[in-house]
Enquirer: 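Can you keep this structure in mind? I'll have questions shortly.
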There are 2 protein chains.
Amino acid sequence: MDDKSERVTIGGLAKAAEVNVETIRYYQRRGLLNEPVRPAGGIRYYGSADIARLVFIKTAQKLGFTLSEVSDLLRLDDGAHCVEASELAARKLHNVRGKIDTLKRIEELLSEMVTRCHTQQETVACPLISSLYKGVGIL
Amino acid sequence: MDDKSERVTIGGLAKAAEVNVETIRYYQRRGLLNEPVRPAGGIRYYGSADIARLVFIKTAQKLGFTLSEVSDLLRLDDGAHCVEASELAARKLHNVRGKIDTLKRIEELLSEMVTRCHTQQETVACPLISSLYKGVGIL
DNA sequence: CTTAGCCCCGTAGTTAGGTACGGAGTCAAG
DNA sequence: CTTGACTCCGTACCTAACTACGGGGCTAAG
């Protein structure tokens, strides 16, 4: 049980979680990660729970949660708030679906413009530039 | 030909293009819109070309172009650079498709998590929270 | 015991795209 | 000719999530 993942310095924690040292401090200032007690003029030591917490944060971020939402999720991590947590995720999911729809519409528009530029037959002006001046309807 | 869209003040231009006056000034500072000459201690007047330019900027932005890309597009608007413009759009399209793929993957993950929380049968811990601690593979 | 390499802490800067503020000058209606 | 709305200009502030810097202290290896 002499695990090296216990008793690491902030630099070791940063390496283990693949984040910047400054990022860790930033998370501490934001209250996402707590600062271990500092032994009177010494340095702070971190353990595997801190690494796990950083993994949690990074994962949630990858899924599109903001740091303030990550705070909320961490507060809901007490074994009694699964419903609230999943509601938060459901809202995020809704939000993600909206973004997908918007991006699909953009994809349509862009690919049509690119195609028209490519198959430029009789056209005088650049179809892409003209479209931008004309504006796009739904968006 | 006494069109009101000629000779409008910056406030009128802002109203016509539905942007903030400060935004117009910001675009001028960024070189996206030029400042008409100011008649010695008087005020500047704008015309329909300026409105068109703002429409162009807003449309390009909606399609996901950054203001610096919008600058590029405006520079390519001389009737001789359709190819370059469409290449820029093609890169953006590629980029949009990448974003869609990522978001679809996120959608999958989130909806699975939400479902597992909802149909929580024998599980002890919240499936969502557990997943966040475990991390997600591809992303 | 020295010294290189960390750690601590506070503050400031970065990117993107604006938004806000404030004092001085100007324009147009009444 | 006054008054109220608007313009001009510079500078500062905003969000989000970091990233950088710098002076001073501590720690571990040789």
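Only heavy atoms go into these numbers, but all of them, side chains included; no hydrogens, no water, no symmetry mates. As the structure is a prediction and not an experimental result, all values here were calculated from the model.
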Enquirer: Starting at atom CD of Gln28(A), determine the distance to atom P of dG10(C), rounded to an integer number of angstrom.
Expert: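 Taking atom P of dG10(C) as the reference, CD of Gln28(A) is at 12 Å.
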Enquirer: Scan side-chain atoms only and decide if Ser86(B) and Arg116(A) contain a donor-acceptor pair under the 3.5 Å cut-off.
Expert: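 No.
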Enquirer: Nearest whole angstrom, please: distance from the P of dG17(C) to the CD1 of Ile57(B).
Expert: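 So the two atoms are 12 Å apart, to the nearest Å.
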Enquirer: To the nearest Å, how far apart are Leu13(A) CG and dC7(C) P?
Expert: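 My rounded result for the distance is 10 Å.
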Enquirer: Can a donor-acceptor pair be found between the side chains of Asn20(B) and Tyr26(B) at a distance below 3.5 Å?
Expert: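 There is no such pair between these side chains.
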Enquirer: Which part of the nucleic acid, if any, lies within contact of Arg44(A), taking any heavy atom under 4.0 Å across all strands shown: a base, the sugar-phosphate backbone alone, or nothing?
Expert: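 Result for Arg44(A) = sugar-phosphate.
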Enquirer: Under 4.0 angstrom, heavy atoms only, what part of the nucleic acid is Thr66(B) near: base, sugar-phosphate, or nothing?
Expert: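 It contacts sugar-phosphate atoms only.
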Enquirer: What is the separation between atom OH on Tyr46(A) and atom C1' on dC8(C), rounded to the nearest whole Å?
Expert: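 Value for this atom pair: 10 Å.
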Enquirer: Out of dA20(C), dA28(C), dG17(C), which nucleotide sits closest to the side chain of Arg30(B)?
Expert: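 The answer is dG17(C), which lies nearest to the side chain.
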Enquirer: Counting only side-chain nitrogens and oxygens, does Arg38(B) get under 4.0 Å of the OP1 or OP2 atom of dT7(D)?
Expert: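 False: Arg38(B) side-chain N/O out of range (4.0 Å or more) of dT7(D) OP1/OP2.
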Enquirer: Given atom CZ of Arg29(A) and atom C1' of dC9(C), what is their separation to the nearest angstrom?
Expert: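 Between C1' of dC9(C) and CZ of Arg29(A): 9 Å.
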Enquirer: Name the residue closer to the 5' end of DNA chain C, choosing between Asn20(B) and Ile10(A) according to the nucleotide with the nearest heavy atom.
Expert: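 Per heavy-atom nearest nucleotide, the more 5' residue is Ile10(A).
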Enquirer: For Phe65(B) and dA16(C), what is the distance between atoms CZ and C1' respectively, to the nearest whole Å?
Expert: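 Distance, rounded to whole Å: 17 Å.
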Enquirer: Mind checking if Arg25(A) touches a base, just sugar-phosphate, or nothing, with heavy atoms under 4.0 Å?
Expert: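 Here Arg25(A) touches the bases of the nucleic acid.
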Enquirer: Would you call Glu107(A)-Lys104(A) a salt bridge at under 4.0 Å N-O?
Expert: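 Salt bridge absent between Glu107(A) and Lys104(A).
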Enquirer: So, does Thr23(A) get its side chain near the phosphate of dA17(D), meaning an N or O under 4.0 Å from OP1 or OP2?
Expert: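 Checking Thr23(A) against dA17(D): no side-chain N or O falls below 4.0 Å of OP1 or OP2.
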Enquirer: Tyr27(B) side chain N/O closer than 4.0 Å to the phosphate oxygens (OP1, OP2) of dG18(C)?
Expert: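 Indeed, a polar side-chain atom of Tyr27(B) lies that close.
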Enquirer: Between Ile43(B) and Glu35(A), which is nearer to the 5' end of DNA chain C once each is assigned its nearest nucleotide?
Expert: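 The answer here is Glu35(A).
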Enquirer: Please determine whether a side-chain nitrogen of the Lys or Arg among Arg75(A) and Asp72(A) lies less than 4.0 Å from a carboxylate oxygen of the Asp or Glu.
Expert: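 A salt bridge is present here (some side-chain N lies under 4.0 Å from a carboxylate O).
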Enquirer: With the side chain of Gln61(A) defined as its heavy atoms from C-beta on, choose the nearest nucleotide among dC6(D), dC7(C), dC18(D).
Expert: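 When the side chain of Gln61(A) is considered, dC18(D) is the closest of dC6(D), dC7(C), dC18(D).
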Enquirer: When you check the phosphate oxygens OP1 and OP2 of dT7(D), does a side-chain N or O of Thr9(B) lie under 4.0 Å from one of them?
Expert: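 Yes, because at least one side-chain N or O of Thr9(B) sits under 4.0 Å from OP1 or OP2 of dT7(D).
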Enquirer: Verify, without hydrogens or angle tests, whether Arg44(B) (side chain) and Pro36(B) (backbone) share a donor-acceptor contact under 3.5 angstrom.
Expert: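 Looks like yes, one N/O pair under 3.5 Å.
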